[in-house]
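Working notes for the structure below.
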There are 4 protein chains.
Amino acid sequence: METEVTDINHPRQRRKEARPSEIVEAALILFHQKGYSATKLDDIAHAAGVTKGTVYLYFSNKEALFKAAISEAIHPNLDKIEELASNSTESATTRLRTAITSWATALNECKGSISKLMISEAGNFPELTDFYIETVVKRSRLLLAKLIQAGVDSGEFRPTDPDLLARVLFSPILLTSIWQHTYARQDPITYELNQLAQFHLDIVLHGIAIAPEHTL
Amino acid sequence: METEVTDINHPRQRRKEARPSEIVEAALILFHQKGYSATKLDDIAHAAGVTKGTVYLYFSNKEALFKAAISEAIHPNLDKIEELASNSTESATTRLRTAITSWATALNECKGSISKLMISEAGNFPELTDFYIETVVKRSRLLLAKLIQAGVDSGEFRPTDPDLLARVLFSPILLTSIWQHTYARQDPITYELNQLAQFHLDIVLHGIAIAPEHTL
Amino acid sequence: METEVTDINHPRQRRKEARPSEIVEAALILFHQKGYSATKLDDIAHAAGVTKGTVYLYFSNKEALFKAAISEAIHPNLDKIEELASNSTESATTRLRTAITSWATALNECKGSISKLMISEAGNFPELTDFYIETVVKRSRLLLAKLIQAGVDSGEFRPTDPDLLARVLFSPILLTSIWQHTYARQDPITYELNQLAQFHLDIVLHGIAIAPEHTL
Amino acid sequence: METEVTDINHPRQRRKEARPSEIVEAALILFHQKGYSATKLDDIAHAAGVTKGTVYLYFSNKEALFKAAISEAIHPNLDKIEELASNSTESATTRLRTAITSWATALNECKGSISKLMISEAGNFPELTDFYIETVVKRSRLLLAKLIQAGVDSGEFRPTDPDLLARVLFSPILLTSIWQHTYARQDPITYELNQLAQFHLDIVLHGIAIAPEHTL
DNA sequence: GATGAATGAGTGTTCATTCAT
DNA sequence: TATGAATGAACACTCATTCAT
């Protein structure tokens, strides 16, 4: 009983160990909405339900908080990349479709669009950008390129530049995800991200031209 | 460092009428590199070869300068959109290819990649974003969608969702353009933007699957 | 220079609740000495023993601080006006003398000579001036006019224009008070403010009194 | 004819020699309305129909212009003081009334209320203030005091402190003049300045006169 | 651990002053 | 003589960071 009272008097102390991640979450949302510079530590603290001083208890400065926010948001994605690379019993087409679906889902969850933040702040955080490009971007692209190459090797796809195609396949999902997070108000998108991804994949796989040369 | 090499003797009235656009250009580059908030007026002034006070002779404040920079960079693009819509004697396929090429070229010149700036700052400049979405984004997408619909109507393309396909077709060029301007150092791209665009268009037109139904 | 001698060890939280009024006091003195525009926030902060940032903890901007300073200095005077209006058992002559003495004393303490500041800045702060004229100037004049009218009604004074006489009676005290605060160095006044007020009142009373000794 | 055309093309050159005084006049009005610091040289120049550069052709800086404005406005008053001192054939009472009337008239003309400006800026311009106090204030007061003393000597007035009475007699006219120029909008005055002056003088004369009608 | 009052370096903005024309 | 584009020092205001409690 006595300890319960303490909890009621200090609601802030409900879950001490959750503090840092609460701050990180609040920070991520605000950084995403307003950009790094335009986001005030006061706002972050307020959004996280603490005071400015508390933020400094867990993060040595604003930049460290930013990096922590980006890193934390990146990690779950990294695991997913590994996952996708492993299940290799299926056909290349199937695995490609699974991979794309998986990415579309991941990006759909808000936490996803680190992409936008990184685009905005890359110039101001070179080392963080290096880390992001190496661990997220290049690995994802390489994974996709390998799946494509596997399809070519297995005779499922016509010979093509796997790297180029990987870039092409990623673009609509990534850009649309960024778009949604950026222009939701001005240009709301009626399509599901995954719907768009499948649409694109279908077209890429089959093309749209009613090509006479193919029927010959 | 100094971009001003000529007329070093008459720094005061070097080229009166060129001032505003010189400032706008310098501003655009810096806003693009560092974002709006992180760009100091001192930096812009210095990059434009003037002092802070001079900037205020032509722009009432930082926000006005930002808007002017965006607007000025947008205008040439608007004209190009009109141009593309007009030449309607060709086949849909040809016009589509021309449009894509034209866009790739425009984005490559990069006088903007306003796209990146708008993504970064949309949240902080709602009215400007409204203007951008209406005059640039939606018009471009609509133009592309119309070309696609024309191809469907003329029997060149299989029936498809023109709006979805327009989004899909734009994405790789736009995202890659943004990418180049953002991650040039960390992830330099070896492809020409136009090369990528044509590669994508080819695939979209023909598909990559060695589809049994086509050969039948 | 430093007005803060006590508690030198704990400059941070010396006396939280005293801060705003300390700042207001320092501000009032400086505004009075140099005028609004010529007074720098740095000076105010320094005079109050804090830094600029601290001033902004309590006042949203310079104008707000100015208004707060004026308002705070006005309030004690408002109470005095009410007080004077109440004690109505005495003769009009006595009450008039009491009122004048009271005003002379109040103006001498000078926590304001807000009068001078208001004269200087009226043009730049219209709403504040409205407030001052209504709550201080007009009320004071009306009170004095009523006392005079009471004297006329009771047969103590000869019929006269109470409003005009109120203005006339106030002028020497008010102007001299302003004078002292303004030209102390160039034109030091050897008279007590109250001495001058009584001197004037004697002459005016002689002038308007239906003096029994004269009729003898 | 030919020369006329030139005049039309350069309306600014109508009367070159009048420039400085036009500037001074504009400056005086603006300084009076907004105070010294709050008045921008741009505003003065614009009000005078010239550009900022032209102001610097005639005045070395803002302070010099301020001093010139004050001085120019003071000079006609100085002459009037001398004038009043001279015609000594009349009775003290008459000369006192003439002097007061003359001052009320002088202060009524807008150019008069240097008083307000000096009150506002005395702290920031000590030497100018010295000059003003010596040449205007003290001389005027001394003149008035002498007139009063003459009246006492001639038996027109009861013995009194001439300096004190001089201060008292000046106050209502001076303060009301300042008042009019300051609070015209908030507290418009229905009385003529001279009316008020005469009203006060009547009362004071009644108060100090060795009035034959009273002794009867 | 948590607070929030206080700090002060930094930045947008203004404006008196200069000077080439 | 007059201009007005350009300057740069000065100032209001902000905000990341600190620290006594």
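Letters A, B, ... are given to chains in the order of the sequence lines, protein chains preceding strands, and every chain is numbered from 1.
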* Can you give one letter per nucleotide of nucleotides 10-15 of chain E, 5' to 3': B if a protein heavy atom sits under 4.0 Å from the base, S if only from the sugar-phosphate, - if neither? -> BSBBBS
* Spacing of C:Leu30 atom CG relative to F:dC11 atom C1', expressed in whole Å -> 15 Å
* When the distance from NE2 of D:His46 to P of F:dG4 is rounded to whole Å, what number comes out? -> 12 Å
* Looking only at heavy atoms, what is the nearest atom pair of B:Val50 and B:Val55, with distance? -> CG2-CG2, 4.3 Å
* Distance in angstrom units between C:Ile23 CD1 and E:dT7 P, rounded -> 9 Å
* Take the protein atom CG of C:Leu65 and the nucleotide atom C1' of F:dC13, then report the distance between them rounded to whole Å. => 13 Å
* To do: Kindly indicate whether the side chain of C:Leu128, heavy atoms from C-beta on, has any atom under 4.5 Å from the side chain of C:Tyr132.
  => no
* Asked: If you check every side-chain atom of B:Leu57, which of F:dT7, E:dG1, F:dT3 has the closest atom?
  -> F:dT7
* Whole-Å distance between E:dG1 P and A:Glu22 CD? -> 15 Å
* Sequence neighbours excluded, which residues qualify as side-chain contact (heavy atoms from CB on, under 4.5 Å) partners of A:Asp43? -> A:Leu30, A:Lys34, A:Lys40
* With a 4.5 Å heavy-atom cut-off, do C:Phe66 and C:Glu121 have their side chains touching? -> yes
* Asked: Within a strict 4.5 Å, meaning less than it, do heavy atoms of the D:Lys67 and D:Phe59 side chains meet?
  -> no
* Structure fact -> Bend of the helix from E:dA2-F:dT21 to E:dT21-F:dA2 from end-axis comparison, five pairs per end, nearest 10°, comes to 10°
* Given side chains that start at C-beta, do those of C:Lys62 and C:Tyr36 come closer than 4.5 Å, heavy atoms only? -> yes
* To do: Return no unless some side-chain N or O of A:Thr54 is found under 4.0 Å from OP1 or OP2 of E:dT3.
  => yes
* Side-chain donor-acceptor contact under 3.5 Å, B:Ser120 with A:Ser120 -> yes
* Hey, does C:Arg185 have a side-chain heavy atom less than 4.5 Å from the side chain of D:Asp130? -> yes
